[in-house]
Amino acid sequence: MLNGSFVAGIDVGTTKICTIIGCPQSDGRLEIFGVGLTPSAGLKRGVIVDREDAIGAIRASVEAAQEQANVQIRQAFVGITGAHISSVNVTGRTNVSPGPAISEHDVQRAIQSARDGVPLPQDREIIHEVVREFTVDGEAGVSRPIGMSARRLDVELHAVTGTASIVENMERCAIDAGVGVVRRVLEPIATAQAVVTDAERDLGVILIDIGGGTSDIAVFLDGSIAHTSAIPIGGNHITRDISRLLRLSFDEAEKLKCRYGHALPDRIQENENVQVQLANGHQSEHVPLRLVAEIIEPRLEETFSLVRSNIKRAGLYEHASAGIVLSGGGAKLPETTVLASRVLDNLPVRVGSPRGITGMVDTVSSPVYATGVGLALLAAREGAGARPGRDGQQTLLGRVMQWWERILPRA
Ligand SMILES: Nc1ncnc2c1ncn2[C@@H]1O[C@H](COP(=O)(O)OP(=O)(O)OP(=O)(O)O)[C@@H](O)[C@H]1O
Ligand SMILES: [Mg+2]
């Protein structure tokens, strides 16, 4: 039965590796056949710090998904994140070559001229780029200029840069785990593919993915990506705060947070307690749950206020009419939406769960899976040779690849 065209996405996160294998359906949705969620190893804040551990963890996640889908993947879309990431919007321009209409070659020349404008210190490289829009003879807002008559073509490009060695290390780990990297995708862009609607992108929306080591940001405006960034604070910091202040092991603090954590202390009764094991292993104590929430709240407030200043600095904060979409494991803390809205000037906030999928929908409905699903959705969109998406990536790089053919059904 499973001999169709399979696509795969791998989210190499700080706390977990998530591999999603799916099959594009004729209605445009992705049917998910395999999900491999395994604990991460060898990563800190999105950066590989132990190669062997990271390779082993990626391999385990891929194998788990392959087992479930009963296929073997050779290539995948892989997510990239970390505090080393920064983004810039640049414009490029070219005179259209003589002929009846704008050609793919003209588009490539305009894009190259935009790329040339990206400030790149020696150790940095462009790791992801998205066309925001084309302008044809002064007429802005064009998404597909090929075939139009014109003299001049301008392009606005969103370029994400990162530290070259960090990105190369990530790719080499995936390859050494047996999976070729078809495309590296900035994680918040992949996440947005899964959880943000087209209407929200048009109106202006902020995606915040609260992971373990970082909180990733993507801002969309007028239908396309306008800003991406990463804040070096995530759920692990909250766990560490709980661990230090209550003198618990990291694992005990993590359990306490995930089971009883809450973003708003004033929603917890004063007499609610829970028994925990102290780090010395001998005593067990009753901890007031309100106290746990009092530890959580300021870290989350700090995170959202750093997000706020980051987006303000980019000059985009006033344009987020559709509000905020949260994803990532950190978004699972009860009432995080309320706290986010409080810090972010009462903008509407919702937790996003993956859309555009069938099969195993319940399994991947948690915000923890959003990035992996988004990567597989992007792989399906591009691998299936679909029309260029709203981000224009296919036209952009001419990378219309029937690459899923290289993902072989297991013998
Ligand atoms: N039920 C829960 N309540 C509170 N926090 C949770 C819950 N489930 C998971 N988390 C937190 O979510 C974080 C992990 O989220 P996620 O899986 O999105 O991160 P990641 O992708 O591995 O990390 P990163 O994106 O930073 O590389 C951890 O800090 C974890 O404690
Ligand atoms: Mg993540």
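Both ligands and their constituent atoms are indexed starting at 1 by order of listing.
Proximity annotation for atom 18 (O) of ligand 1: of Gly79, Gly212, Gly329, Gly329 comes nearest, heavy atoms only.
Electrostatic pairing of Asp345 and Arg308 counts as a salt bridge here, judged by a charged N lying under 4.0 Å from a carboxylate O. Taking the charged nitrogens against the carboxylate oxygens, Asp154 and Arg152 do have a contact shorter than 4.0 Å, which makes a salt bridge. Note on Glu252 versus Arg247: no salt bridge recorded, every NZ/NE/NH1/NH2 to OD/OE distance being 4.0 Å or above. With salt bridges taken as basic N to acidic carboxylate O contacts below 4.0 Å, one links Glu382 and Arg183.
Atom CD1 in Ile210 sits 7.5 Å away from atom CD1 in Ile238 (nearest 0.5 Å).
Of all protein heavy atoms, the one closest to atom 31 (O) of ligand 1 is Glu254 OE2, 2.5 Å. Counting protein heavy atoms only, atom 14 (C) of ligand 1 is closest to Thr15 OG1, 3.4 Å. Among protein heavy atoms, atom 4 (C) of ligand 1 sits closest to Leu333 CG, 3.4 Å. The single protein non-hydrogen atom nearest to atom 3 (N) of ligand 1 is Cys258 CA, 3.7 Å, given as residue, atom name and distance.
At least one N or O atom of Lys16 sits closer than 3.5 Å to an N or O atom of ligand 1. Close N/O approach between Asp209 and ligand 1 is not found [any backbone or side-chain N/O within under 3.5 Å].
Looking only at distances, no side-chain donor or acceptor of His262 sits under 3.5 Å from a matching main-chain atom of Ala293.
Numbered from 1 in the order shown, with element, the atoms of ligand 1 that lie under 4.0 Å from a heavy atom of Gly328 read 18 (O). Set against the non-hydrogen atoms of Gly235, the atoms of ligand 1 under 4.0 Å away are 29 (O).
Residue contact annotation: Gly234 has no non-hydrogen atom under 4.0 Å from ligand 1. Within the 4.0 Å heavy-atom shell around ligand 1 one does not find Gly261.
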Item to complete: Give the C-alpha distance, both sets of side-chain angles, the deciding distance and a yes or no for salt bridge (charged side-chain N to carboxylate O under 4.0 Å, His left out) between Arg184 and Glu171.
Response: CA-CA 8 Å; Arg184 51 203 187 192; Glu171 273 198 34; 2.9 Å; yes
